[in-house]
There are 2 protein chains.
Amino acid sequence: MVENEGVRNYYENKDRFYVAVDCIIFGFHEDELKLLLIRRRFDPCIGELSLMGGFLNKGESIDAAAERVLQELTGLENVFMEQIGIFGEVDRDPGERVLSAAYYALINSDDYNKELADSHNAVWVPMNDIPALIFDHNIMVMMAWKQLKRKAAVEPIGFNLLPQYFTLPQLQSLYEAILGETLDKRNFRKKVLAMDIFEKTEEKDKSNSKRGAFYYRFDYDKYNALVQNGSHFAL
Amino acid sequence: MVENEGVRNYYENKDRFYVAVDCIIFGFHEDELKLLLIRRRFDPCIGELSLMGGFLNKGESIDAAAERVLQELTGLENVFMEQIGIFGEVDRDPGERVLSAAYYALINSDDYNKELADSHNAVWVPMNDIPALIFDHNIMVMMAWKQLKRKAAVEPIGFNLLPQYFTLPQLQSLYEAILGETLDKRNFRKKVLAMDIFEKTEEKDKSNSKRGAFYYRFDYDKYNALVQNGSHFAL
DNA sequence: GCAAAAGTGTTAAACGTACACCCATGA
DNA sequence: TCATGGGTGTACGTTTAACACTTTTGC
């Protein structure tokens, strides 16, 4: 074990750090893009608004920690998540030095465990009106939004924010919310339908109009087949 | 100090981790995009090729650690660097569990401290022929290249890989190397010159042809002024 | 019958792409 | 004089952006 001794010594005198993950949880409700935040019932910064976070555990990958933290708040698994990056300013957490890996998640805001979320003091806040959050969480949120915009413009990930069946007007207002700009109805539909990754159903959603809008469904099989062939999807 | 006690307890039972930074150092030489790698003279994986890395120190931000590590190898400061993300698989380092924040850097491959680099066993390796590296370094490299492509397509960052004075043929072959595709000479020049962020000099580079190619210079002032006005730059 | 949202095509402008020849110079 | 890389403009096709009216239906 002489070799292992050598390896161990290599690491031995290095500093070790607390590592957290913070989740930027996006939802879409009432034509608005929103964040699921928590009002902290614990120190530091008790009473203030923050992202849902948690510490990385031994034996757990950072991705797994992010999934666990999301699940602790929402009960959800297999959610679309992407890393934003790690935030490592020395004084970012006034309590102790903690590094934090930020992840954003896209959830369907009708379909999560509300009791669980309530038990963490969770609140939905519109993206266009985000208040001051603790630490560097506002920066994380803005970087997540930027990354979401970029990603949404090149891959059809918006579906993760909608129920399984959704209408084209819904989809459009979602993309308007993500991109922060209004889109032309005809151009939007033309582009979306040209992608040919949707299945139109016979059902209509009459909650928003007398006429009703047809429900569509995202067709994963068609989408995956097209991706195999190198197709690209820009909204 | 009762309040501080409460805060301290909050962190006390959490795990702590070794954190490293790894640098993906791009250079451009002989019409090829290259990486500056090191052949390790220390464990673990002694003798193998890897990215230049180092451990995060107490009291040092992660960004600062990345800059320090780059400087330890190249002697350079104030270099264009961007974080790729943090890599946190449990077994990514076979010696001990170490998290690693990956950064890419763009340097001018004529203008760094070669003795210093030699002392670390540094070697330039063409991007199109990257051998097996230790740990997850190949993944880091591929993600860095992807991010470089995306970034280079939307912001004129390529200049960081060239000397202060460069010719348009040089610039074109750089972008061809970054993007991994050949570009049309006339279209490239049209686009580049339309940006109006260059200053043509009267000097010529005659090292590649008898006629010689005019040297240009990136005009930071013009560029910054245009960015202020919301201009975008896509190559 | 009317209010309110859903649905539908065409046209012009901008942009990207393909393409071929002359120029300047040192050897 | 010729070989080599530097430099230049145009025409076509594709993509994007602007734009207004008809349809459905519950009240």
Side-chain angles (χ1 to χ4, degrees), chain A residues 28 30-32 149-150 152-154 156 162-163 165-177 179-196 198-217 226 230-235, chain B residues 28 30-32 149-150 152-154 156 162-163 165-196 198-217 230-235:
Chain A
F28 184 65
E30 291 169 339
D31 286 358
E32 277 193 306
K149 279 183 201 176
R150 196 173 52 209
V154 79
L162 294 175
Y165 293 95
F166 53 85
T167 67
L168 293 189
Q170 264 185 291
L171 187 67
Q172 182 176 348
S173 82
L174 169 63
Y175 273 87
E176 288 178 338
L179 300 174
E181 57 187 287
T182 61
L183 302 172
D184 180 86
K185 190 169 35 160
R186 283 171 287 190
N187 293 339
F188 181 80
R189 288 169 164 261
K190 207 187 311 168
K191 216 184 272 187
V192 158
L193 293 175
M195 290 178 180
D196 194 31
F198 300 89
E199 202 182 2
K200 187 178 180 178
T201 71
E202 294 308 309
E203 319 300 321
K204 279 189 167 182
D205 168 25
K206 298 212 170 184
S207 62
N208 288 307
S209 73
K210 293 152 187 173
R211 180 177 180 176
F214 282 107
Y215 279 118
Y216 286 76
R217 196 176 65 73
L226 288 170
S231 300
H232 294 283
F233 298 88
L235 279 173
Chain B
F28 183 65
E30 289 168 342
D31 286 357
E32 276 193 306
K149 279 182 202 178
R150 197 173 51 210
V154 78
L162 294 175
Y165 293 95
F166 53 85
T167 67
L168 294 188
Q170 264 184 292
L171 187 66
Q172 180 175 351
S173 83
L174 168 62
Y175 273 87
E176 289 177 337
I178 291 175
L179 300 173
E181 58 188 283
T182 61
L183 302 171
D184 181 86
K185 191 173 30 164
R186 282 172 288 191
N187 294 338
F188 180 80
R189 288 169 163 263
K190 205 189 311 168
K191 216 185 274 187
V192 158
L193 293 176
M195 289 179 180
D196 193 31
F198 299 90
E199 201 183 3
K200 187 177 179 179
T201 71
E202 294 307 309
E203 320 300 320
K204 280 187 166 183
D205 168 24
K206 300 212 169 181
S207 62
N208 288 306
S209 73
K210 292 154 186 169
R211 178 178 180 175
F214 283 107
Y215 280 119
Y216 286 75
R217 195 177 65 74
S231 300
H232 294 283
F233 298 88
L235 278 173

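Just the heavy atoms: all of them, side chains too, but no hydrogens, waters or symmetry mates, feed the values below. The structure displayed is predicted, hence computed values, not measured ones. By convention in this document, chain letters (A, B, ...) are assigned in the order of the sequence lines, proteins followed by strands, and residues within each chain are numbered from 1.
The CD atom of B:Q170 sits 15 Å away from the P atom of D:dG5 (whole-angstrom rounding). In this structure, the CZ atom of B:F214 is 19 Å from the P atom of D:dG5, given to the nearest Å.
Scanning for ring pair (Phe, Tyr, Trp, His ring centres under 6.0 Å) contacts around A:F166 gives A:F159, with sequence neighbours left out. Remark: B:F188 engages no residue in a ring pair (Phe, Tyr, Trp, His ring centres under 6.0 Å) (not counting sequence neighbours). By the side-chain contact (heavy atoms from CB on, under 4.5 Å) test, A:T167 pairs with A:P169, A:Q170, A:D205, A:A213, A:Y215, sequence neighbours left out.
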Find every protein N or O atom lying less than 3.5 Å from an N or O atom of nucleotides 23-27 of chain D, and list the pairs.
residue: D:dT23; atom: O2; partner: A:R211; partner atom: NH1; Å: 2.4
residue: D:dG26; atom: OP1; partner: A:K206; partner atom: NZ; Å: 3.4

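Minimum interatomic distance between B:D184 and B:Q172 (heavy atoms only, all atoms of both residues): C-NE2, 3.9 Å. Residues B:A152 and B:Y175 approach most closely at O-CE2, 3.8 Å, considering heavy atoms. In this structure, A:S209 and A:G212 approach most closely via the heavy-atom pair OG-N, 2.8 Å. Taking both residues in full, the closest heavy atoms of A:R211 and A:K206 are given as O-CE, 3.8 Å, listed atom of the first, atom of the second, then distance.
The closest side-chain heavy-atom distance from A:Y216 to A:L162 is not below 4.5 Å. Annotation: side chain of B:M195 is in contact with side chain of B:L235 (closest heavy-atom distance under 4.5 Å).
Closest-nucleotide positions on DNA chain D for B:N208 and B:K200 were compared, and the one nearer the 5' end corresponds to B:N208.
Exactly one of A:K185, A:K190, A:R189 qualifies for a side-chain hydrogen bond (donor to acceptor under 3.5 Å, both in side chains) with A:N187. That residue is A:K190.
Counting 5' to 3', DNA chain C first comes under 4.0 angstrom of a heavy atom of chain B and last does so at the ends given by C:dT17 to C:dG26.
Heavy-atom distances under 4.0 Å link DNA chain C to B:D184, B:R186, B:N187, B:K190 of residues 179-193 of chain B, given in residue order.
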